[in-house]
Amino acid sequence: MLGSTLVALLLGLGTTTAIALPQPQPQASTTPTPACTNPQKRKSWHDMAESDKKAYLAANRCIITSPQKLNRLPGAKTRWDELVSLHQIHALQIHTTGQFLPYHRYYLKTFEFLMQECGYHGPLAYWDETRDAGKFSSSPVFSATTGVGGSGKGAQSCVMDGPFANLTVNIGPGFKSQPRCINRKITDFFSSQCGSSYVTKALSGKDYATALDGIYSGPHLLGHMALSMMNGDSITSSGDPLFFLHHGFVDKMWWDWQAKDPSKRLHEISGLNAQDPAVGFSEFSGGMEVESAMWGKPGKELLAVTPDPTLGDNGSKYITLNHVMSSLGIIPNATVAEVMDIKGGYLCYEYV
């Protein structure tokens, strides 16, 4: 059964205005950016060596079982909780906004840092979902020995096999902090829309706004529907390690679009820096107030650590290349400009 937050999905991006969240003022890093001379090669899970898959999965498990360090993120008990908490805290700024693609690229870098903290120094993986479209459930990604385990079981769809069986995430559902099993429910029907023709259509836009809509409302969203990670919870779906393989695929789509016209697209950003309350998540109807019936609203403790969504944008509700993105202390803050080029120095990787 798909999570209730995904059953009511209606596609499309809306126009937006800013939410006032007068909170901390993180600053972008001033550290000089090194040249990218030897980019790491991010491979699809299908193409990784078995030993690399096992090392990658072991590092994920290490993050999940390591104690939290920041002592500032509400509800976080583990290092993994801190990572999930970032997605929870920023949820209303990084979905149905211009921040979606750059913040999730920065979020992958934050994940990479935690993997390194746990001894993994290889490239991050991604899942080329076009190779499994229409048949996600038979993908090698879901192997119990060299994958993330399969579809969940029981009333809560808890993952019962593989490296993440019987592990707990304490962030979510929604804006709450309650212990939950790592869970997912695979639906092959929705996965068909992650195929090559759908990706081609998603990347056919000539400007950032159109490409953003194509990626967000297309393979990104349908992938989430097909996987229903963490009960299909849009706020804390990153509780499932599978999230980072899916968003590696999303990041690759953006990069493939950028690489078609790099002189223009490595500098092109647009959209809001926070959701329009009248729209909320574009995939649901009714706006923020109606959607809050699904996952609640951020409480005082969460709002106290939520960054100002206009930071770097001169107080405007529209995102700029100077927009500052924060991991609240896991890695240094970065601007959107720094993550536009995956081989620009701040980032140094390529998709193969």
Fill in: Tyr106 side chain near Asn333 side chain, heavy-atom distance below 4.5 Å
yes
Worksheet item: Is Leu266 reachable from Leu212 through a run of I, L, V, M, F, W or Y residues, each pair having side-chain heavy atoms under 4.5 Å apart?
Response: yes
Worksheet item: Just wondering, more than 12 heavy atoms not from Phe189 lying within 6.0 Å of its CZ?
Response: no
Discussion item. Side chains of His323 and Leu311, heavy atoms from C-beta outward: is any pair under 4.5 Å?
Written reply: no
Discussion item. So that I know where these two stand, are Phe284 and Trp295 an aromatic pair - ring centroids less than 6.0 Å apart?
Written reply: yes
Worksheet item: Is any side-chain heavy atom of Trp254 closer than 4.5 Å to a side-chain heavy atom of Leu203?
Response: no
Practice prompt. Count the heavy atoms belonging to other residues, nucleotides or ligands that lie under 6.0 Å from NZ of Lys53, then report whether that count exceeds 12.
Written response: yes
Discussion item. Once you measure the plane-to-plane angle for Phe243 and Tyr107, does it fall in the parallel (<30°), tilted (30-60°) or perpendicular (>60°) bin?
Written reply: perpendicular
Discussion item. Under a 3.5 Å cutoff, is there a donor and acceptor pairing between the side chains of Ser316 and Asp313?
Written reply: no
Fill in: Atom pair OG (Ser270) and CG (Asp207), whose distance is rounded to the nearest 0.5 Å
6.5 Å
Practice prompt. Check for a donor-acceptor pair, side chain of Ser157 on one end and backbone N or O of Asn183 on the other, with a separation under 3.5 Å.
Written response: no
Item to complete: Side-chain contact test, heavy atoms from C-beta onward, threshold under 4.5 Å: evaluate it for Ile94 versus Gln99 and give yes or no.
Response: yes
Worksheet entry | Min side-chain heavy-atom separation Asn38-Cys348 under 4.5 Å | no
Worksheet item: Given side chains that start at C-beta, do those of Gln178 and Asn170 come closer than 4.5 Å, heavy atoms only?
Response: no
Worksheet, complete the sentence: With Leu101 as partner, the option from Val339, Asp251, Val250, Val336 fulfilling side-chain contact (heavy atoms from CB on, under 4.5 Å) is Val250
Discussion item. Please confirm whether the ring centroid of His220 lies under 6.0 Å from the ring centroid of Phe249.
Written reply: no
Discussion item. Whether the side chain of Asn60 engages the backbone of Tyr56 through a donor-acceptor N/O pair (distance < 3.5 Å, no angle test) should be reported.
Written reply: yes
Fill in: Arg131 with Asp47: basic N within carboxylate O range, under 4.0 Å
yes
Item to complete: Please assess Asn322 against Thr335 for the test side chain to side chain donor-acceptor pair (under 3.5 Å), listing each intermediate value before the final yes or no.
Response: CA-CA 5 Å; Asn322 294 323; Thr335 63; 5.9 Å; no
Practice prompt. Identify whether Leu221 and Tyr198 are in the same connected component of the hydrophobic contact network (ILVMFWY, side-chain heavy atoms under 4.5 Å).
Written response: no
Fill in: Neighbour count >12 (heavy atoms, 6.0 Å) for atom NZ, Lys201
no
Worksheet item: Going by heavy atoms in the side chains, are Arg61 and Ile63 under 4.5 Å from each other?
Response: no
Practice prompt. Check Pro219 against Met253 and note the closest heavy-atom contact, atom names and distance.
Written response: CB-CE, 3.7 Å
Item to complete: Take Thr97 and Tyr103, measure what side-chain contact (heavy atoms from CB on, under 4.5 Å) needs, and give me the verdict at the end.
Response: CA-CA 10 Å; Thr97 69; Tyr103 190 87; over 6 Å; no
Discussion item. I'd like to know if Phe142 and Leu167 are part of one continuous hydrophobic network [Ile/Leu/Val/Met/Phe/Trp/Tyr, side-chain heavy atoms within less than 4.5 Å].
Written reply: yes
Item to complete: Treating Ile, Leu, Val, Met, Phe, Trp and Tyr as nodes and any side-chain heavy-atom pair under 4.5 angstrom as an edge, say whether Phe113 and Met115 lie in one connected cluster.
Response: yes
Discussion item. Do Arg42 and Tyr126 form a cation-pi contact, if we require the NZ or CZ to be under 6.0 Å from the six-membered ring centre and within 45 degrees of the ring's axis?
Written reply: no
Worksheet item: For the residue pair Trp127 and Phe136, is the inter-centroid distance of their aromatic rings smaller than 6.0 Å?
Response: yes
Item to complete: Provide the closest heavy-atom pair for Ile171 versus Ala76 in the form atom of the first, atom of the second, distance.
Response: CD1-N, 3.8 Å
Worksheet, complete the sentence: Scanning both residues in full, the closest heavy-atom pair of Glu268 with Trp257 reads OE1-CH2, 3.8 Å
Discussion item. Working note: Arg72 + Leu328, criterion side-chain contact (heavy atoms from CB on, under 4.5 Å); need CA distance, chi angles, decisive distance, verdict.
Written reply: CA-CA 9 Å; Arg72 65 178 299 204; Leu328 299 174; 3.9 Å; yes
Worksheet item: Is the backbone N or O of Asp81 less than 3.5 Å from a side-chain atom of Ser85, with the two atoms forming a donor-acceptor pair by type?
Response: no
Item to complete: List the atom of Ile235, the atom of Ala91, and the distance in Å for their closest heavy-atom pair.
Response: CD1-CB, 3.8 Å
Fill in: ring pair (Phe, Tyr, Trp, His ring centres under 6.0 Å) assessment of His87 paired with His95
CA-CA 10 Å; His87 198 268; His95 301 94; 4.9 Å; yes
Discussion item. Please check this pair: side chain of Asp213 against backbone of Ala211, looking for a donor-acceptor N/O pair closer than 3.5 Å.
Written reply: no
Worksheet item: Is Met160 reachable from Phe164 through a run of hydrophobic residues whose side-chain heavy atoms are each under 4.5 Å from the next?
Response: no
Worksheet, complete the sentence: Closest heavy-atom pair, His46 versus Ser139, reported as atoms and distance to 0.1 Å, is NE2-OG, 4.3 Å
Worksheet item: Gln88 side chain to Lys176 main-chain N or O, any donor-acceptor pair under 3.5 Å?
Response: yes
Fill in: Short N-O contact, Glu289 and Lys297, less than 4.0 angstrom
yes
Worksheet item: Can any side-chain N or O of Thr96 pair as donor or acceptor with the backbone N or O of Ser282 at less than 3.5 Å?
Response: yes
Worksheet entry | From CA spacing to verdict: side-chain contact (heavy atoms from CB on, under 4.5 Å), Glu350, Val352 | CA-CA 6 Å; Glu350 59 188 359; Val352 297; 4.3 Å; yes
Item to complete: Ignoring hydrogens and angles, tell me if any N or O in the side chain of Thr306 forms a donor-acceptor pair with the backbone of Leu302 under 3.5 Å.
Response: yes
Discussion item. For a 4.5 angstrom cut-off between non-hydrogen side-chain atoms, does Pro298 reach Leu92?
Written reply: yes
Worksheet item: Within a reach of under 6.0 Å around CD of Gln156, are more than 12 heavy atoms found that belong to other residues, nucleotides or ligands?
Response: no
Discussion item. I'd like to know if Asp256 pairs up with Lys252 as an ion pair, taking the criterion as any Lys NZ or Arg NE/NH1/NH2 lying under 4.0 Å from an Asp or Glu carboxylate oxygen.
Written reply: yes
Discussion item. Applying side-chain hydrogen bond (donor to acceptor under 3.5 Å, both in side chains) as the test, list every pair that has at least one member in residues 109-119; sequence neighbours left out.
Written reply: Lys69-Glu117, Arg79-Glu117
Worksheet item: For Gly214, does its backbone N or O pair with a side-chain atom of Ser217 as donor and acceptor, under 3.5 Å?
Response: no
Practice prompt. Apply side chain to side chain donor-acceptor pair (under 3.5 Å) to the pair Asn273 and Thr310, showing each step before the final yes or no.
Written response: CA-CA 6 Å; Asn273 47 34; Thr310 71; 5.7 Å; no
Worksheet item: Do the side chain of Ser228 and the main chain of Lys185 share a donor and acceptor less than 3.5 angstrom apart?
Response: no
Discussion item. Atom NZ of residue position Lys264 - does it have more than 12 heavy atoms of other residues, nucleotides or ligands inside 6.0 Å?
Written reply: yes
Worksheet item: Distance from Lys343 atom NZ to Thr37 atom OG1, nearest 0.5 Å?
Response: 12.0 Å
Worksheet item: What are the two closest heavy atoms between Pro163 and Val148, and how far apart are they?
Response: CD-C, 4.2 Å
Discussion item. More than 12 heavy atoms of other residues, nucleotides or ligands under 6.0 Å from CD of Glu301: yes or no?
Written reply: no
Worksheet item: Do Ile330 and Leu70 pass the side-chain contact (heavy atoms from CB on, under 4.5 Å) test, and can you show the C-alpha distance, the side-chain angles, and the key distance before you say yes or no?
Response: CA-CA 8 Å; Ile330 297 178; Leu70 297 179; 3.8 Å; yes
Worksheet item: Quick check, are the ring centers of His246 and His104 under 6.0 angstrom apart?
Response: no
Worksheet item: When you check the gap from the basic side-chain N to the acidic O, do Asp240 and Arg184 get nearer than 4.0 Å?
Response: yes
Discussion item. For the backbone of Ala125 and the side chain of Trp45, can you confirm whether one donor and one acceptor N or O come within less than 3.5 Å of each other?
Written reply: no
